[in-house]
Amino acid sequence: MIDYKSLGLTEQDLKEIYKAMDLGRKIDERLWLLNRAGKIPFVVSGQGQEATQIGMAYAMKEGDISAPYYRDLAFVTYMGISAYHTFLAAFGKKEDINSGGKQMPSHFSSREHNILSQSSPVATQIPHAVGAALALKMDGKENIATATVGEGSSNQGDFHEGLNFAGVHKLPMVCVIINNKYAISVPDSLQYAATKLSDRAIGYGMFGEQVDGNDPLAVYKVMKEARARALAGEGATLIEAVTSRMTAHSSDDDDQYRTKEERDNLKKADCNEKFKNELLANEIIDEQWLQEIEQEHKEIINQATKAAEEAPYPDIEEAYTYVYEEGSLN
Ligand SMILES: Cc1ncc(C[n+]2csc(CCOP(=O)(O)OP(=O)(O)O)c2C)c(N)n1
Ligand SMILES: [Mg+2]
């Protein structure tokens, strides 16, 4: 395990990090259960990416702005979007904070938690985060804007245009490429010819670094350093977190394009299991603590599922609102 004390972290911090990874995973697992029970139409999962998400979130501070992507469930949960709100969106209920039940689930947003709203075309979150970083710089704020994006999506034009602008204007922005090696069924070998995607930073005149995305402490370290550089006026950073997509692309995908062996290996490399075992081996947590966390998370998730399932659906007339007219949702 990385020397966490040298990162300014305590044993309590490591427990918080694991707890957040576990809560994200357990909400995600419940979503699959609800989908397979025929209760919700769609899941796009973050399983296997929790270490990156929480390592990143833990290095962020009050007032930072984020532009997450659809797999960032553990990240947005840590930022403050409750399990109840995630389930409301999954059921397509009226009180869904993202869209009032209109958008697909996992288009996370929360004004209260500085999470920008998401568009469905991948990589559009990059120019959004860059714009937020420009505003932070113009306002003289001691904050950064972040965006996460899949490695496949990092081949879109928006990625290049956004990061080029961030580089030119030395913006307080951190872009994290989540390299889970697949864009739906397309493997990384057919997506890009570069050795490392973080090397693209050179072309934007910014700092770039590849990191083990299965290690929350490694991600925390590079994120903390990137944030410090941004606030020191040294501009943006491009991080490539190498991680895994443990599930199929979504609940509508049958990932037979990966061999059974490959899928089994992903489960063996599960970042949550790995971090848990490190904490156990270093006697930072024990089985009793794990049982308490399991019980706590089960209660949160059971209550949230029940409340969201019982919540009302939108009125039929609402299908016509906020489509062509002006206005904004809360
Ligand atoms: C511009 C655009 N093209 C295609 C799609 C359909 N689409 C949604 S997710 C996805 C795969 C993205 O892969 P990657 O960026 O690697 O992210 P991952 O799903 O692996 O986390 C595609 C092609 C889209 N939403 N937007
Ligand atoms: Mg991918």
Side-chain angles (χ1 to χ4, degrees), residues 21 24-25 28 31-32 35 41-57 66-77 89 98-99 102-109 116-130 146-163 175-198 200 210-214 219 238-258 262-263 265-267 269-271:
M21 289 166 67
R25 173 69 60 89
D28 199 299
L31 290 169
W32 280 95
N35 175 264
F42 184 76
V43 186
V44 59
S45 185
Q47 291 185 35
Q49 300 183 183
E50 293 90 344
T52 296
Q53 294 178 28
I54 301 301
M56 194 182 157
S66 57
Y69 91 126
Y70 46 84
R71 295 198 196 281
D72 281 332
L73 175 60
F75 177 91
V76 299
T77 306
N98 305 306
S99 70
K102 292 182 174 187
Q103 179 52 294
M104 289 172 86
S106 301
H107 285 64
F108 309 110
S109 70
L116 301 180
S117 59
Q118 261 172 78
S119 303
S120 294
V122 295
T124 43
Q125 68 272 30
I126 306 287
H128 295 167
V130 170
T146 68
T148 38
V149 64
E151 86 294 336
S153 309
S154 75
N155 302 307
Q156 290 277 126
D158 300 68
F159 177 87
H160 169 69
E161 292 168 37
L163 289 196
C175 176
V176 182
I177 298 178
I178 309 295
N179 191 347
N180 59 18
K181 300 163 218 109
Y182 278 91
I184 310 186
S185 57
V186 181
D188 50 0
S189 59
L190 295 177
Q191 293 180 44
Y192 57 87
T195 310
K196 285 200 239 167
L197 290 177
S198 53
R200 290 180 176 173
Q210 191 186 59
V211 65
D212 176 5
N214 288 331
V219 177
L238 176 62
I239 295 169
E240 175 188 8
V242 181
T243 178
S244 307
R245 193 193 81 200
M246 282 175 58
T247 64
H249 173 73
S250 75
S251 51
D252 292 345
D253 175 41
D254 178 7
D255 65 344
Q256 298 298 317
Y257 44 83
R258 304 199 272 202
E262 193 178 349
R263 281 181 272 134
N265 284 341
L266 290 175
K267 298 223 165 72
D270 181 344
C271 60

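Along the sequence shown, residues carry numbers from 1. Just follow the structure's listing: the first ligand is 1, and inside any ligand the first atom is 1.
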As an exercise, identify every atom of ligand 1 less than 4.0 angstrom from a heavy atom of [X].
X: A183; result: 13 (O), 16 (O)
X: G152; result: 14 (P), 15 (O), 16 (O)
X: N180; result: 18 (P), 20 (O), 21 (O)
X: Y182; result: 16 (O), 20 (O)
X: S153; result: 12 (C), 14 (P), 15 (O)

**Q.** Residue part near ligand 1, for S154, under 4.0 Å between non-hydrogen atoms
**A.**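 S154 to ligand 1: no contact under 4.0 Å from either part.
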Q) So which bit of R245 gets within less than 4.0 Å of ligand 1, heavy atoms only: side chain, backbone, both or neither? A) neither
Q. Say you draw a straight line from OH of Y182 to CG of D255; how long is it, rounded to the nearest 0.5 Å?
A. 8.5 Å
Q) In Å, rounded to the nearest 0.5 Å, how long is the span from OG of S117 to CD of Q125? A)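 That separation rounds to 11.5 Å.
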Q: Could you pull out the closest heavy-atom pair between P68 and V76, with the gap in Å?
A: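 Heavy-atom minimum between the residues: CG-CG1, 3.9 Å.
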Q: Grab the two heavy atoms, one from Q53 and one from L73, that are nearest each other, plus how far apart they are.
A: OE1-N, 3.4 Å
Q: Please confirm whether the backbone N or O of V44 pairs with a side-chain atom of S250, one donor and one acceptor, at under 3.5 Å?
A: no
Q.
Between N179 and A241 (side chain of the first, backbone of the second, donor and acceptor by atom type, cut-off under 3.5 Å), is there such a pair?
A. no
Q: Tell me which protein heavy atom sits closest to atom 25 (N) of ligand 1, plus the residue, atom name and distance to 0.1 Å.
A: S120 O, 3.0 Å
Q) Among all protein non-hydrogen atoms, which one is nearest to atom 12 (C) of ligand 1, and what is the separation to 0.1 Å? A)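 Of every protein heavy atom, Y70 OH, 3.3 Å lies nearest to atom 12 (C) of ligand 1.
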N/O to N/O below 3.5 Å, does that happen between [X] and ligand 1?
X: R71; answer: yes
X: V122; answer: yes
X: E151; answer: yes
X: Y69; answer: yes

**Q.** Stepwise side chain to side chain donor-acceptor pair (under 3.5 Å) test for D158 and T124
**A.** CA-CA 6 Å; D158 300 68; T124 43; 5.6 Å; no
(Q) Could you check whether atom 6 (C) of ligand 1 has a protein contact, counting only heavy atoms that fall below 4.0 angstrom? (A)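 Looking at atom 6 (C) of ligand 1, one finds that no protein heavy atom lies closer than 4.0 Å.
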Q. Does the side chain to side chain contact (heavy atoms under 4.5 Å, CB included) test come out yes or no for V211 and I239, once each step is laid out?
A. CA-CA 7 Å; V211 65; I239 295 169; 3.7 Å; yes
Q | E151: its N/O/S atom lying closest to the Mg ion (ligand 2) (atom name) | A |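 The E151 atom nearest to the Mg ion (ligand 2), restricting to N, O or S, is OE1.
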Q: Name the option, out of Q156, K181, H249, Q49, that contains the heavy atom nearest to atom 1 (C) of ligand 1.
A: Q156
Q) Closer than 4.0 angstrom: is that true for some heavy atom of I184 and an atom of ligand 1? A)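 The answer is yes: ligand 1 sits under 4.0 Å from a heavy atom of I184.
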Are any of the side-chain heavy atoms of [X] and [Y] separated by less than 4.5 Å?
X: H249; Y: Y257; result: yes
X: N155; Y: Y192; result: yes
X: S154; Y: L197; result: yes

Q. Between O of Y182 and OD1 of N180, what angle is found at the Mg ion (ligand 2), rounded to 10 degrees?
A.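 That angle works out to 90° after rounding to 10°.
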